[in-house]
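Below is one structure, written out as structure tokens, with a few remarks after it.
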Amino acid sequence: MKLVKLLLVLVYATYHVAGSTEGFRGDLAAIGPGAVFPGDATYDQVTGAYNKRLTIRPAAVTFPSTPQQVAKIVKVGGKYNHQLVARSGGHSYVANGLGGKNGLVIVDLRNMTHIDVSSSSGIATIQTGNRLGDVALALNQKGRGIPHGSCPYVGIGVHGGWGFASRMWGLTLDTIQAIDVVTADGTIETISNSNKADLFWAMRGAGSSFGIATAITVKSYPVPTTTISYTYNWNLKASDAAKAISESQKFSQTNIPKELSLELTFGKGNSAGFVHLTLSGGWYGPINELNSVLAPYLTKLPKPDWSDRKVGSYIDVLSYQGGSGTLDVHHKPDATDTFYVKSLMTPEASPISDKALNAFTTYMAYQGFSSNLNWFVQMELYGGKNSVLNSVPVDATAFARRNALWTFQFYASSPNYNPPFPSSGFSFLDNMVNSITSNSPSNWDIGAYTNYIDDRLSNWQHMYYGSHYQRLKSIKRIYDPRNTFSFPQSIEL
């Protein structure tokens, strides 16, 4: 009798699982957006990660065209106890757009690409399936722009959004006036400071943990008449590279205009003990003033090996800064890579010490030179005098690092850019970051940037969200009590 009962239980369990699977597929198919499941011919194609270090196997990938379809997908996911995540763009460094772990339902927003721009007010509504190239081109047709990154293939999002115009205009999320969002119960809302202000606050900095943003309404800005992209290159001894950073920190505390952006990029030098340094940025002020603005900094450095300037319209320079010569993301597929990334945000009130700078540049000049990885480090100037980005009150949005002077991106690819990624690559970047932090005060107020997300980061709750994390958890419990929107390093209940 016991054996019969056991067989009946197994038969019921098998039927129940099969029935749930068929019901899940059928319910998604009935919505009409199209869905791809494991075993389908296109499954591997639509689940390929930008970072080939990672392979993620979602339960399904859906392709809605309307907020109503998104809402129905969320409800079906809840009915069958599936967690969900939105995919906008596809550049997540740790494949969070595919769930970051197996078994999630992916809401791929690629079919939601409408952009509307008011000629009179400059207010724009942008669906979140758009890439930055699409956004820049559409806004520019009306003589407008917003701050955002330079890579045209990156999706428009709600986690940050630094670009060369950010010292002048802020982060992308600072421009957001309202968000159209589908919440965990499948409700469609337009949230703002006057409707569900707590959720609006949380989504500007941690949005994917709270709902699926289908559109953002943003304040745009008139684009400058003419823009300059500038570049200077050196091959420097480690000690001279450290001095270059030190001088840039001093320069940032002078009365530099908000119209100046600045980024330092480091790579492998031409011999051991040297590093390659590129100083680059944008200038959005009067053309004839750039030389006098940069002179106090450049006179402190050796004569560059090479320099270049691109002078043109705002959109032409943005296209140049993107590196591919065009903002059209439809002329060819996006590239892929096999890589690991870390980030570090350092406080303006406590600049990086000379001791830490020398340790950092020495590491790059020797360990970096001997490494077979393809690596670079970017130091983006967030702060400095007159920075609009850091003039926003820290509690205005969930973005917690309004005190940053620099945001570092430490990036290392496999030797041939294809799998596998060597295990030594993790320690290579860990030690590079440690060369700075271990030579700095123990109570140094550092953070990290969610858009350069690091799947091995310890204490990520504090590093990404600082003092805002507990408030984010409280809001998560209100709007997503079943943890519907969950991925590695999403806000916890």
Side-chain angles (χ1 to χ4, degrees), residues 49-51 54 85-98 100 109 126 128 130-133 135-136 146-167 169-176 179 202-210 213 216 218 261 263 265 321-322 334 337 339-346 376-382 389-390 392 397-402 404 406-412 429 433 446-457 460-466 468-469 472 485 487-491:
Y50 171 68
N51 187 351
L54 303 159
V85 70
R87 188 182 199 189
S88 171
H91 260 248
S92 173
Y93 285 179
V94 296
N96 276 346
L98 292 168
L109 300 169
I126 303 166
T128 49
N130 282 289
R131 306 290 183 103
L132 296 182
V135 173
I146 60 173
H148 55 68
S150 57
C151 177
Y153 286 92
V154 171
I156 191 75
V158 291
H159 283 265
W162 180 89
F164 284 128
S166 285
R167 292 191 72 255
W169 289 340
L171 298 170
T172 303
L173 65 82
D174 295 329
T175 70
I176 298 176
I179 303 174
M203 288 202 68
R204 288 174 296 156
S208 50
S209 293
F210 294 89
I216 58 174
V218 302
S261 64
E263 178 179 76
T265 301
Q321 291 168 334
D334 194 6
D337 194 1
F339 64 99
Y340 175 56
V341 167
K342 301 186 75 66
S343 67
L344 182 67
M345 304 182 78
T346 64
F376 65 84
V377 179
Q378 290 176 327
M379 294 178 62
E380 300 155 354
L381 184 65
Y382 271 49
L389 190 162
N390 281 1
V392 177
T397 69
F399 185 83
R401 299 292 173 184
R402 299 290 180 176
W406 299 107
T407 291
F408 285 74
Q409 177 177 203
F410 307 86
Y411 192 113
L429 284 193
V433 176
I446 56 175
Y449 183 39
T450 53
N451 280 358
Y452 302 151
I453 195 163
D454 172 2
D455 53 358
R456 299 172 62 254
L457 181 65
W460 60 266
Q461 298 90 337
H462 173 74
M463 292 292 284
Y464 289 141
Y465 301 107
H468 291 162
Y469 192 70
L472 288 167
F485 304 112
F487 50 89
Q489 299 179 350
S490 60
I491 303 300

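Just one residue in the list K342, E380, Q378 forms a side chain to side chain donor-acceptor pair (under 3.5 Å) with Y452, and that residue is E380.
Distance alone, capped at 3.5 Å, is enough to place a donor-acceptor pair between the T172 side chain and the P147 backbone. Side chain of S88 to main chain of T128: a donor-acceptor pair is present (N/O by atom type, distance under 3.5 Å, no hydrogens or angles). A donor-acceptor contact shorter than 3.5 Å is absent between the side chain of N51 and the backbone of S92. With hydrogens and angles disregarded, no donor-acceptor distance shorter than 3.5 Å links the side chain of R204 to the backbone of A398.
Looking only at side-chain heavy atoms (C-beta outward), D174 and W169 stay at 4.5 Å or farther from each other. Between T346 and F408, some side-chain heavy-atom pair lies under the 4.5 Å cut-off. Between F485 and V85 there is no side-chain heavy-atom pair separated by less than 4.5 Å. Using a 4.5 Å cut-off on side-chain heavy atoms (C-beta onward), Q489 and V94 make no contact. Counting heavy atoms from C-beta on, the side chains of R402 and L171 come closer than 4.5 Å. Looking at heavy atoms from C-beta onward, I179 lies in side-chain contact with I216 at the 4.5 angstrom threshold. Considering only heavy atoms from C-beta on, Y449 comes within 4.5 Å of M345 through its side chain. Between I453 and H159, every side-chain heavy-atom pair lies at or beyond the 4.5 Å cut-off.
Separation of atoms NE2 (H148) and OG1 (T175) is listed at 9.5 Å; rounding is to 0.5 Å. Rounded to the nearest 0.5 angstrom, D455 CG and L54 CG are separated by 6.0 Å. To the nearest 0.5 Å, atom CH2 of residue W162 and atom CZ of residue F399 are 12.0 Å apart. To the nearest 0.5 Å, atoms CG (L429) and OG (S343) are separated by 11.0 Å. Taking CD1 of I156 as the reference point, atom CG of L132 lies at 5.5 Å (rounded to 0.5 Å). Interatomic distance, M203 CE to S209 OG, rounded to the nearest 0.5 Å: 9.0 Å.
Looking at every heavy atom in both residues, S208 comes nearest to F487 through OG-CZ, 3.3 Å. R131 and D334 make their closest contact through NH1-OD2, 4.1 Å (heavy atoms, listed as atom of the first residue, atom of the second, distance). Across all non-hydrogen atoms, the minimal contact from V158 to G207 is CG2-CA, 3.7 Å.
Between Y464 and W460, the two ring planes are tilted [angle within 30° to 60°]. Below 30°, between 30° and 60°, or above 60°: for Y93 and Y411 the angle between ring planes is above 60°, a perpendicular geometry.
Side-chain contact check for D454 and Y340: at least one donor-acceptor pair (N or O, by modelled atom type) lies under 3.5 Å. For the residue pair Y382 / R401, no side-chain donor-acceptor distance below 3.5 Å is found, with atom types taken as modelled.
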inquiry  = For R167 and L389: C-alpha separation, side-chain torsions, deciding distance, then whether side-chain contact (heavy atoms from CB on, under 4.5 Å) applies.
reply    = CA-CA 6 Å; R167 292 191 72 255; L389 190 162; 5.8 Å; no
